[in-house]
Chemist: 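If you scroll down you'll find the structure; I have some questions about it.
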Amino acid sequence: MASSEEDGTVEEKENNNKKRTKSALTTAWLTFYNIAMTAGWLVLAMAMLRFYIKKGTHKGLYRSIARTLKFFQTFALVEVGHCAIGIVRTSVIVTGVQVCSRIFMVWLVASSIRQIQNEESVILFLVVWTVTEITRYSYYTFKLLNHLPYFVKWARYNFFIVLYPLGVIGELLSIYAALPFVRRSGMYSMRLPNKYNVSFDYYYCLIIVMLSYIPCKETVCLEPTFKLLQTSFSCKTHLTHSKGSKLAVRMRSINKKVIGSISSISENYG
Amino acid sequence: KVRSNIHNVKSVFVFIYSDPRWYPARQSLTLDPKGKFLRDEEILQSLPVGTTATMYFKDLGPQLGWTTVFFAENIGPLLIYLLFYFRVPYIYSDRCAFTSSPHKVVTMACVCHTFHYLKRLIETIFVHRFSHGSMPLRTIVKNCLYYWGFSAWLAYYINHPLYTPPSYGEVQVHYAMVIFAICEMGNFSIHLSLSHLRGDRSRGRRFPVPSKNPFTWLFFFVSCPNHTYEVGTWVSFSIMTQCLPVAVFTVLGFIQMTVWAKGKHRAYVREFKDYPAVRVAIIPLIL
């Protein structure tokens with residue numbers, strides 16, 4: 001029936017249009033988000049440079065940029081939302097852990113323990129974060145605009161080799177420097193006896209966080225980055241051979257013998 | 001009429017490779033490198049292939065039977081809690097070694113916790129009929145760490161010298177104990193009924209239904225009442241001890257069991273056309 005066919009194609013076109021507008025909207029939002037974050041971290045970088053040039057020292061630098069840092073780092077929570085809805089194809093857990101560890105460092109270590117704000121390690125991880133984030137967000141922006149300069153791509157895949165260990169060192173040293181102050185003040189801690197029969201010692205929590213840096217960072221940050229490198233720079237992913245596929249090649253030649261004997265067994269009995 | 005199935009193929013595989021390492025439970029055969037693995041019971045004639053088939057082999061790693069797994073997972077919490085109850089030295093301060101708490105609630109909690117895990121061990125040996133043969137070693141280590149670790153954490157606080165008894169006193173403890181007992185009996189009844197279902201192969205595959213036992217009447221509302229009763233057990237235990245770590249364990253267990261229950265519910269709905277529409281996965285009328 002002609003009219004129902006027409007209705008069918010009209011509906012299909014409407015669906016396609018909806019999909020296209022949805023993906024145009026998504027791309028527009030993601031582009032805006034990445035440009036905004038690049039700009040934000042650039043602002044942070046400028047503020048840090050200006051402070052250092054003017055004052056000649058890093059003491060008081062954290063205080064001066066604390067609010068901007070808190071805003072932009074917390075806003076990165078939106079990325080977890082992106083993964084959850086599916087407009088960005090990354091695992092929610094991986095992104096979640098990365099963003100949470102950043103927010104933990106900013107809100108629960110650097111901002112709340114004033115005595116360590118003038119430490120060199122804090123400046124170290126701030127600088128590392130700034131460079132990393134600017135590279136990352138500009139990479140995403142250029143990719144969305146379909147115009148990726150080679151330098152940005154090169155930076156994304158090579159900076160992290162130096163920046164990553166430096167960042168981990170900066171964060172670990174900052175937490176280590178904070179330990180005596182946490183112990184003395186007993187902050188964020190709850191002792192027995194209490195109505196809920198639970199206790200929490202932020203001092204030991206920080207020590208456990210420091211110890212878990214190695215396994216967590218390896219699985220959550222390094223592995224996904226390595227996979228990213230493999231799939232982007234090589235056409236064939238030679239590195240993802242599993243035991244299974246190697247054996248499959250051997251199996252196939254022997255398999256014919258096995259299946260031959262099985263099929264003869266089944267012919268006799270089936 | 002004997003028909004060959006995948007299990008025969010796996011046995012022949014072991015024979016050809018003459019390597020006892022690749023025992024059948026450890027093999028995973030698929031028709032497609034990325035496809036789902038073929039079950040042992042699948043008959044070769046029913047496979048979607050011609051006269052010959054190419055199968056892909058994957059080593060699943062060392063495997064342990066379900067009974068061993070359940071046994072390991074449940075013996076740990078049982079013994080660990082008792083270590084804390086009897087205040088073995090080096091856990092709490094030296095003065096408190098081998099002393100006992102003045103609160104009755106602590107002893108009741110120990111009795112309940114021990115009873116719960118003893119019941120599970122007995123069910124593992126005598127009641128449960130497990131379907132698949134095995135579980136990979138890594139999963140077992142992970143599960144054991146989870147159960148043993150949590151039981152150590154909650155036992156530490158309940159048996160601590162500075163433990164605070166529940167705010168509403170004896171009333172809270174007694175009501176919680178009654179609910180605990182009801183849920184344990186319910187859980188046991190459901191396990192019995194499920195194992196009877198499985199043993200009764202003569203009538204083909206059927207879904208569980210309520211029987212004369214009042215505890216099984218939860219089957220009217222829920223696909224997995226064993227999980228519902230289990231959640232009830234732990235909620236009552238956390239009310240009885242008024243201990244936040246127990247509540248955390250309850251919440252995490254609830255989330256995991258909801259995931260399992262929803263999967264089971266979906267499988268039932270898909271398999272049985274006459275499945276009762278009023279049933280939900282784990283919480284009557286809600287979830």
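Throughout, a chain's letter reflects where its sequence line sits, starting with A, and its residues are numbered from 1.
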Chemist: Verify the neighbour count for atom OH of A:Y196: are there more than 12 heavy atoms of other residues, nucleotides or ligands below 6.0 Å?
Modeler: no

Chemist: For chain B, find its close neighbours in residues 187-194 of chain A: heavy-atom separation under 4.5 Å, sorted by number, or none.
Modeler: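 The stretch touches chain B at A:L192, A:P193, A:N194.
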
Chemist: Please check if atom CZ in B:F150 has more than 12 non-hydrogen atoms from other residues, nucleotides or ligands closer than 6.0 Å.
Modeler: yes

Chemist: Which heavy-atom pair separates A:K195 from B:Q242 by the least distance, and what is that distance?
Modeler: O-NE2, 3.2 Å

Chemist: By salt bridge (Lys or Arg N to Asp or Glu O under 4.0 Å), which residues pair with A:E79, not counting sequence neighbours?
Modeler: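 Partners of A:E79 under the salt bridge (Lys or Arg N to Asp or Glu O under 4.0 Å) test: A:R136.
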
Chemist: Would you say B:Y157's side chain and A:S199's backbone share a donor-acceptor pair under 3.5 angstrom?
Modeler: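 Answer holds: yes.
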
Chemist: Would you find more than 12 non-hydrogen atoms of other residues, nucleotides or ligands less than 6.0 Å from B:H7 atom NE2?
Modeler: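 Open: at most 12 neighbouring heavy atoms sit under 6.0 Å from NE2 of B:H7.
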
Chemist: Would you say B:Y175 has more than 12 foreign heavy atoms packed within less than 6.0 Å of its OH?
Modeler: no

Chemist: Flag yes if more than 12 heavy atoms outside B:F98 fall under 6.0 Å of its CZ atom; otherwise flag no.
Modeler: yes

Chemist: Backbone N or O of B:I158 within a donor-acceptor pair of the A:N197 side chain at under 3.5 Å?
Modeler: no

